[in-house]
There are 2 protein chains.
Amino acid sequence: MRVTIKDVAQAANVSVSTVSRVLSNKENFFASKTADHVRKVAADLGYQRNAYAADLASHQSDVLAVVISATKSNFADEIIAGIHDVATKHGNSVMILYAGENNPTLQDKAIKTVIERDVMGVLIVALELGDESLNSLKTSGIPHIFLSTAAKENLGPFIASDDHAIGYEATKYLIEHGHRKIGLVGMDEQSFVGAQRMNGYREAMAKHSLSIDEDWLVPGYFTFEDGEAAMQHFGKQPAVTAIIANSDLTAIGVIDQARDYGLEVPAQLSVMSIDGTKLTRIFRPTITSVTQDFFQIGRAGCAALLTGDNEPIQSKFLPIKVVERNSTRQL
Amino acid sequence: MRVTIKDVAQAANVSVSTVSRVLSNKENFFASKTADHVRKVAADLGYQRNAYAADLASHQSDVLAVVISATKSNFADEIIAGIHDVATKHGNSVMILYAGENNPTLQDKAIKTVIERDVMGVLIVALELGDESLNSLKTSGIPHIFLSTAAKENLGPFIASDDHAIGYEATKYLIEHGHRKIGLVGMDEQSFVGAQRMNGYREAMAKHSLSIDEDWLVPGYFTFEDGEAAMQHFGKQPAVTAIIANSDLTAIGVIDQARDYGLEVPAQLSVMSIDGTKLTRIFRPTITSVTQDFFQIGRAGCAALLTGDNEPIQSKFLPIKVVERNSTRQL
DNA sequence: TTGTAGGCGTTATCAT
DNA sequence: ATGATAACGCCTACAA
């Protein structure tokens, strides 16, 4: 049996309340002398507090939960780093739960776990929650925020990049560099993110009076393989002069496949990615990207949850920027 | 206030015990008719169980904790995937805690959290725990296992690859392909992993009667930057014909820097990596590697913790293999 | 400044 | 098959 607050109290010849107060540092509610004594006894006995019991009694936990898709898009790390950055400063614990991807069962399980443990807040990262999960989360009353998934009105507060702007800026950049036939790879009209990016693309093209051949749009997801497959779709003599890929990994898939076709990037084909994670810098050619500030998204999301005030959390977009590297060229 | 088991009992006109039994599926201890009724009432009321209270009362949690270094080596994902694979099959929840890297404060905090929550088991991934953390973990009596960090005898049970063998096999592969002057990049004699790999290297060299110039050994860590820096150390006319890098990322750093020097890989320099994650397949040239089976390490580690028997966990090495790709060549 | 006692939501033990 | 009731370990009025 583990040593409890009671054991400590006994050994220190004080009451449990005193021990409790000392150990949870309720300043000004005990004499520093007794405090020292109690702390020593506790240490000697190897006392470890039971967080469950404490949370149960006090109705407040100090853990933030991050629910994240298992997707192999690599930006999650940066978001998590941002979350930790502010969480540790506030003395909060962070626990991460994987929810698979587009796997309602796993999502439900993760959300359920989170609710059952009555965490103080939930950060949902890069995940479009199913209705059921979303509902239980809402009715639970636990503060939560979506990160990197701006979404339909009623979803809840989010911090993300503006996916419409992402699609628009990428397209605009390429147009300004002389491209007229621009492919879009990996976007998925079904997902909110994908649809928004496509809209941005369409808007930029229209604004410059460029028409779109629907054959330039190759749907998919965020993976390397989606990039490869899309490039295979375009073939050895692509109808486009530039391609926007839905993630860094997807861009790499495109480039690798292009190279296998004997096409040089960017000499014969410009490729641009969305995300701008470290991959874009270590891969050769380095990859021009629409860069999102994932670290700040993590920080901001965590901060939003941690500001004590009970005001509803404000959704917001964080700035994006186009970073020019070596995978695109002026036509 | 959340709806509790008590509310359900009242609404359903039964006792709390009955509700508890039904809701936790203690088969054969209730009539299926009442069960249906209770379940319906619970659902109607939007009841959510409080895991803390349950764990507190029953003295058993169903959560496994993964304590992981924040290191940007990318194999962690695969280990975590493996862990989840078996955890979900057993119906266990998994929570992940980051512990920074070589950051005793964060480590302590993570371990403390884990102990306070009295999880059913702890998986420590790619982390060499400080003495203090290690001790509290040990005295807590919580089952734990080290993954991907085989270590000094008394550390505790582990599942990992044999780092000595890794160093040995990589070196042997290169020697058999005609290399005599082989560089070692990113190993750190202070860390157990690094030391083991270096020993393997030394043994393979000795076995083939090859002498080592200590200048070929460039210490470091697992990062991309370590690879770049090491290659800068070797310069434009490297004294070695092949380099073994401590991680895939480090290998990429080496290759990128070599390319910046105008050196072609593998024509003028062979580069081999340790890990064999997906990076080795998407990068060009694809990278020859000593491949570890991280997914299986995760699976095996989780399984070891979950087998109910109280026998001490057996440490073991999982097989590694050399996978030939395009970053090395026969001399 | 310290102690007493009740309660947090659940499970477990013992009756019935 | 079901119901009381006592834990579980801690926190927090309230009293002293």
Side-chain angles (χ1 to χ4, degrees), chain A residues 1-39 41-42 45-63 112-113 115-120 140-142, chain B residues 1-39 41-42 45-63 112-113 115-120 140:
Chain A
M1 201 85 290
R2 282 164 60 149
V3 9
T4 77
I5 208 178
K6 217 166 172 178
D7 303 322
V8 177
Q10 218 153 44
N13 251 308
V14 295
S15 72
V16 290
S17 27
T18 300
V19 176
S20 169
R21 284 187 282 250
V22 169
L23 260 28
S24 49
N25 265 310
K26 296 253 172 301
E27 316 260 356
N28 295 103
F29 280 98
F30 49 79
S32 71
K33 201 183 120 192
T34 39
D36 290 345
H37 180 220
V38 167
R39 276 192 265 261
V41 172
L45 261 47
Y47 168 79
Q48 295 279 168
R49 93 186 193 120
N50 179 323
Y52 290 164
D55 290 353
L56 182 58
S58 68
H59 280 288
Q60 48 180 268
S61 143
D62 74 331
V63 355
K112 194 170 159 228
T113 302
I115 295 175
E116 288 188 347
R117 311 234 157 228
D118 199 11
V119 298
M120 70 176 294
S140 79
I142 299 178
Chain B
M1 199 85 290
R2 283 165 59 150
V3 11
T4 76
I5 208 177
K6 217 166 171 176
D7 303 320
V8 177
Q10 216 153 45
N13 251 310
V14 295
S15 72
V16 290
S17 337
T18 299
V19 176
S20 171
R21 284 188 283 251
V22 169
L23 260 28
S24 50
N25 265 310
K26 296 252 172 299
E27 314 260 358
N28 294 105
F29 281 97
F30 51 77
S32 71
K33 199 181 122 195
T34 39
D36 290 346
H37 180 222
V38 167
R39 275 193 267 261
V41 172
L45 261 46
Y47 168 78
Q48 295 279 168
R49 90 185 195 123
N50 180 323
Y52 290 165
D55 290 353
L56 183 58
S58 68
H59 283 288
Q60 49 179 272
S61 144
D62 75 329
V63 356
K112 194 169 159 230
T113 303
I115 295 175
E116 288 188 347
R117 312 237 155 225
D118 199 10
V119 298
M120 71 175 295
S140 78

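So you know, we letter chains A, B, ... as the sequences are listed, proteins then strands, and number each from 1.
With distances taken from any side-chain atom of A:Ile5 to the nucleotides C:dG9, D:dC11, C:dT1, the minimum falls on D:dC11. Side chain of A:Ala31, nearest nucleotide from D:dC10, C:dT10, C:dT2: C:dT2. Looking at the side chain of B:Thr18, the nearest of the listed nucleotides D:dG3, C:dG9, D:dC8 is D:dG3.
For the OP1/OP2 pair of C:dT2 and a distance below 4.0 Å, the side-chain nitrogens and oxygens of A:Thr34 include at least one atom meeting the criterion. Look at A:Ser20 and you'll find a side-chain N or O under 4.0 angstrom from OP1 or OP2 of D:dC11. OP1 or OP2 of D:dC10 sits under 4.0 Å from a side-chain N or O of A:Tyr47. Phosphate contact (OP1/OP2 of D:dC11, side-chain N/O of A:Arg49, threshold under 4.0 Å): present. At C:dT4, none of the side-chain N or O atoms of A:Ser15 fall inside 4.0 Å of OP1 or OP2 (strictly under the cut-off).
Rounded to an integer number of Å, the gap from CD of A:Gln60 to P of D:dT12 is 7 Å. The distance between atom CZ of B:Arg21 and atom C1' of C:dT13, rounded to the nearest whole Å, is 10 Å. Look at CZ on A:Phe29: it is 9 Å from P on C:dT1, rounded to the nearest Å. Computed from coordinates, the A:Asn50 CG to C:dT10 P distance equals 16 Å when rounded to whole Å. Counting to the nearest Å, the C1' atom of D:dA1 and the NE2 atom of B:His37 are 16 Å from each other. One interatomic measurement links the two molecules: CG of A:Asn13 to P of C:dT2, which rounds to 13 Å at whole-angstrom precision. Regarding B:Lys33, its NZ atom lies at a distance of 14 Å from the C1' atom of D:dT2, rounded to whole Å. Whole-Å rounding puts the B:Lys6 NZ to D:dA6 P distance at 13 Å.
Within the nucleic acid shown, B:Asn28 comes within 4.0 Å of sugar-phosphate atoms alone, with no base atom in reach, counting heavy atoms only. Residue contacts for B:Ser17: at a heavy-atom cut-off of 4.0 Å it reaches a base atom on one of the strands shown.
Both B:Ser58 and B:Phe30 lie close to DNA chain D; mapped to their nearest nucleotides by heavy-atom distance, the more 5′-ward contact belongs to B:Phe30. Where A:Ala53 and B:Ala35 each meet DNA chain D at their nearest nucleotide, the meeting point lying more 5' is that of B:Ala35.
For the residue pair A:Ser20/A:Ser17, the side-chain donor-acceptor check at 3.5 Å is not satisfied.
When side chains are defined from C-beta on, A:Asp55 counts as touching A:Ser61, because their heavy atoms get closer than 4.5 Å.
Atom CG of residue B:Asp118 and atom CG of residue B:Leu56 lie 10.0 Å apart, to the nearest 0.5 angstrom.
Checked by atom type and distance alone, the side chain of B:Thr4 pairs as donor or acceptor with a backbone atom of B:Lys6 at under 3.5 Å.
A side chain to side chain contact (heavy atoms under 4.5 Å, CB included) with B:Tyr47 holds for exactly one of B:Leu23, B:Val19, B:Asp7; it is B:Leu23.
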